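None of these values were measured; they are calculated from a predicted model. Proteins get letters first, then strands, A, B, ... in listed order; numbering begins at 1 in each.
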4 protein chains.
Amino acid sequence: MGRKQSFTESELLDMTKKLVLEHGYDGFHLKLLSEHLSGARSTIYQYFSNKEEIVAACMKRVMVKVLEKALAIDETDPMDALEQLLLVYVEESALHQLLGQAGKINVANSSAAAKDLEFIDEAHTTLKVQLSRLFERAQQNKGLRQDIPLPVLIGVFFNLIDTPNMMNIPAPDWGKLLFQMWIGGARS
Amino acid sequence: MGRKQSFTESELLDMTKKLVLEHGYDGFHLKLLSEHLSGARSTIYQYFSNKEEIVAACMKRVMVKVLEKALAIDETDPMDALEQLLLVYVEESALHQLLGQAGKINVANSSAAAKDLEFIDEAHTTLKVQLSRLFERAQQNKGLRQDIPLPVLIGVFFNLIDTPNMMNIPAPDWGKLLFQMWIGGARS
Amino acid sequence: MGRKQSFTESELLDMTKKLVLEHGYDGFHLKLLSEHLSGARSTIYQYFSNKEEIVAACMKRVMVKVLEKALAIDETDPMDALEQLLLVYVEESALHQLLGQAGKINVANSSAAAKDLEFIDEAHTTLKVQLSRLFERAQQNKGLRQDIPLPVLIGVFFNLIDTPNMMNIPAPDWGKLLFQMWIGGARS
Amino acid sequence: MGRKQSFTESELLDMTKKLVLEHGYDGFHLKLLSEHLSGARSTIYQYFSNKEEIVAACMKRVMVKVLEKALAIDETDPMDALEQLLLVYVEESALHQLLGQAGKINVANSSAAAKDLEFIDEAHTTLKVQLSRLFERAQQNKGLRQDIPLPVLIGVFFNLIDTPNMMNIPAPDWGKLLFQMWIGGARS
DNA sequence: AATGAATGAGTATTCATTCAT
DNA sequence: GATGAATGAATACTCATTCAT
């Protein structure tokens, strides 16, 4: 019954992701969004009751995907696991960039957005715990140099994710390259 | 005696830099700016004729400083020069972040902004040329590994700049740490 | 310095009072308001930051006036005092009607509105205390019939205020008439 | 077998009455209405073609009921008749309150609404005639004081209807109480 | 030169009404 | 019939920019 949907919730969130990455949270407007979908601006309110909810839902969806992939990694060998983890983060590098905008969402307006952001926060903690666990085990295995503080090693590892892939190397290869750079450095 | 002097152009640009870094280009408003200065919002128009010009001028000023520092580096030893260059970029990491917003400036409105952005573009090229020169010489000196494409080495080098300095290590030390990570990698 | 105001805050609140009485809270729009003032709709935001604040401020202003008048009444003779009080309420019958709309103001949006409504609430209590005091003394003086519950006497007294003055009798006379009706009833 | 029956027209009008009394005409929305009924918002248009018609029909229905009751009153003794009339109006006090909103209905949109409002207007006149008739006879019988203009006596009588029944006294008793207040006044 | 005030254009959001299944 | 979905028009509010003192 009822008319056919002009766009699905999933299409809406996909486009939101794209546009927030492109324009940042403040540059993201519902007018912009509707112009990239096949329906009217007001139709968006059939799915979400305000801008905050849309972006929060979008972030949550990305986080869920990353969480699933990250927690599926075999952690037997910490160094291998870190490499795989880096690949996950590289594949979903949007997460890192999106989450940088999470602080701008005005939670006061929308409890649904607040709930989503809370979920994201918890998931973030889960991921940090996994990362710390792997780094500690890697260090115990004498796999990591000791002359550089662990937080710096981690920070650089994390920052690698956002390195622009200018040569458009396929994700798996790109992940491997970055990991090797991180592990072995640039010196011959 | 004239009216009391409100803020200076330099104060205006300093605050603009701070606020653009904090809120991004779209989150940066003249209202916000004037609230962080000692005069009225309309006084801003004594110095610049629109928002675009302000941000462009701000970017240009940062670029000029970086350019001076970068071109003053002694390039005798390419590896040393790269380390010093990284330090410059780390000290002025605002440049990298600001320039990420340059594309959002609507140049159609303002020729002054257009001119500034053009200058920035040229300077950017100049810096890229310097970087390529140093990298090539480093590679010729067999200083850099060959199994990773040069653009990747450069991309990772550049991306290091934005690594968040969570432990608040002083800039010179922070620069050295990052350079060592880049050179030597994380493996013990 | 600066331009001349196109309308004053007082004009704004006067017109708000008139329009809220005419159209009710839900029928009161800022567009409507601006159409009855000499400036643009957006100029209203120089004075108040949202619709809620405007209406709350308007109500508070009316309440302050009523409070001053009511507390200035000489309470030596309770019956006389009640008559004077009725006159006050009749002169400012807007208060009663406005306050009927107070519950519709969404306080969540605006702390200024919340503060004003709180003030109104306290003032309301003060007025009720005064009214109860006078009624009790009138009853002790055997001035009021005992076969009708006091709350009903009070309720009817209060409700008189809103009786439409169709013959446009001047306020003091109108107040006296109503008081006599209340006191003596309609029977000859 | 057809589709499941959603709400009936009568349910629709009952709920409309309740909601208009609760929220006023401007605060009454079809969305709100449908949320308080068992069907979809669009189903409302099976019964009425716009919002104006709904409210007008609702008012008419209440008016019809009041008219029937009022015209059934035995007018032998005008004073008794007035008491019974007051009871009718108190029982259906919604009428008075609803009719206060009638002026807000935009008749231009809907001829059906216009027709209903016209009916209401005529009925209103009928009731006023009845009221005037009874008042005049009561006055001729020397039942009403002469020192107060008849319109004021009528106005106060009518206004009694809206006195809030805070003690929740049953309608017949409440009507009697109000009538006695009106007749005899508050003085002991 | 400095600024308080005015404003128009732009975005967010709501809701009556219409479509199409 | 009944309804889920689409939508355009209307209002709330913000902010860059212009005026006038």
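- The interatomic distance linking A/R41 (CZ) with E/dG10 (P) rounds to 11 Å, in whole Å.
- In a base pair of the Watson-Crick type (N1 to N3 plus N6-O4 or O6-N4) or a G-U wobble (N1-O2 and O6-N3), with each distance short of 3.5 Å, E/dT17 is matched with F/dA6.
- Distances shorter than 4.0 Å separate none of the side-chain N or O atoms of B/S42 from OP1 or OP2 on E/dG4.
- Annotation: of the two residues near DNA chain F, C/S49 and B/N50, the 5′-most nearest-nucleotide partner is C/S49.
- C/E22 CD to C/K18 NZ: the interatomic distance, rounded to the nearest 0.5 Å, is 5.5 Å.
- The pair B/D14-B/R61 meets the salt-bridge criterion, since a charged nitrogen lies less than 4.0 angstrom from a carboxylate oxygen.
- Here the P atom of nucleotide F/dA6 and the CZ atom of A/F48 are 14 Å apart, to the nearest Å.
- Residue C/S6 is classed as a sugar-phosphate contact, given heavy-atom separations below 4.0 Å to backbone atoms only.
- Side chains of C/D26 and D/H23: a donor-acceptor N/O pair is absent below 3.5 angstrom, by distance only.
- Regarding D/F28, its CZ atom lies at a distance of 13 Å from the P atom of E/dC15, rounded to whole Å.
- The shortest distance between the side-chain N/O atoms of C/T43 and the OP1/OP2 oxygens of E/dT7 is below 4.0 Å.
- For the pair C/Y25 OH and F/dA12 C1', the interatomic distance rounds to 11 Å; values are reported in whole Å.
- If you take CG of C/N106 and C1' of E/dT13, they are 14 Å apart, rounded to a whole angstrom.
- At least one side-chain nitrogen or oxygen of B/Q5 sits closer than 4.0 Å to the OP1 or OP2 atom of E/dA2.
- Under 4.0 angstrom from either OP1 or OP2 of E/dA16 there lies at least one side-chain N or O belonging to D/H29.
- Across the interface with DNA chain E, nearest-nucleotide mapping of A/E52 and C/I44 shows C/I44 to be the residue nearer the 5′ end.
- Atom pair B/Y45:OH and E/dA1:P shows a separation of 17 Å (rounding to whole Å applied).
- Side chains of B/S34 and B/I44 form a contact here, defined as non-hydrogen atoms less than 4.5 Å apart.
- As a whole-Å value, the separation of A/N109 CG from E/dA12 P is 12 Å.
- In this structure, A/L37 atom CG and F/dA6 atom P are separated by 11 Å, rounded to whole Å.
- For D/Q46 against F/dA2, a side-chain-to-base donor-acceptor contact under 3.5 Å is present.
- For the pair A/A40 and D/A40, nearest-nucleotide mapping onto DNA chain F gives the more 5' position to D/A40.
- The number of heavy-atom neighbours closer than 6.0 Å to NZ of B/K104, taken from other residues, nucleotides and ligands shown, is above 12.
- Map C/Y47 and D/L32 each onto its nearest nucleotide of DNA chain E; the residue landing nearer the 5' end is C/Y47.
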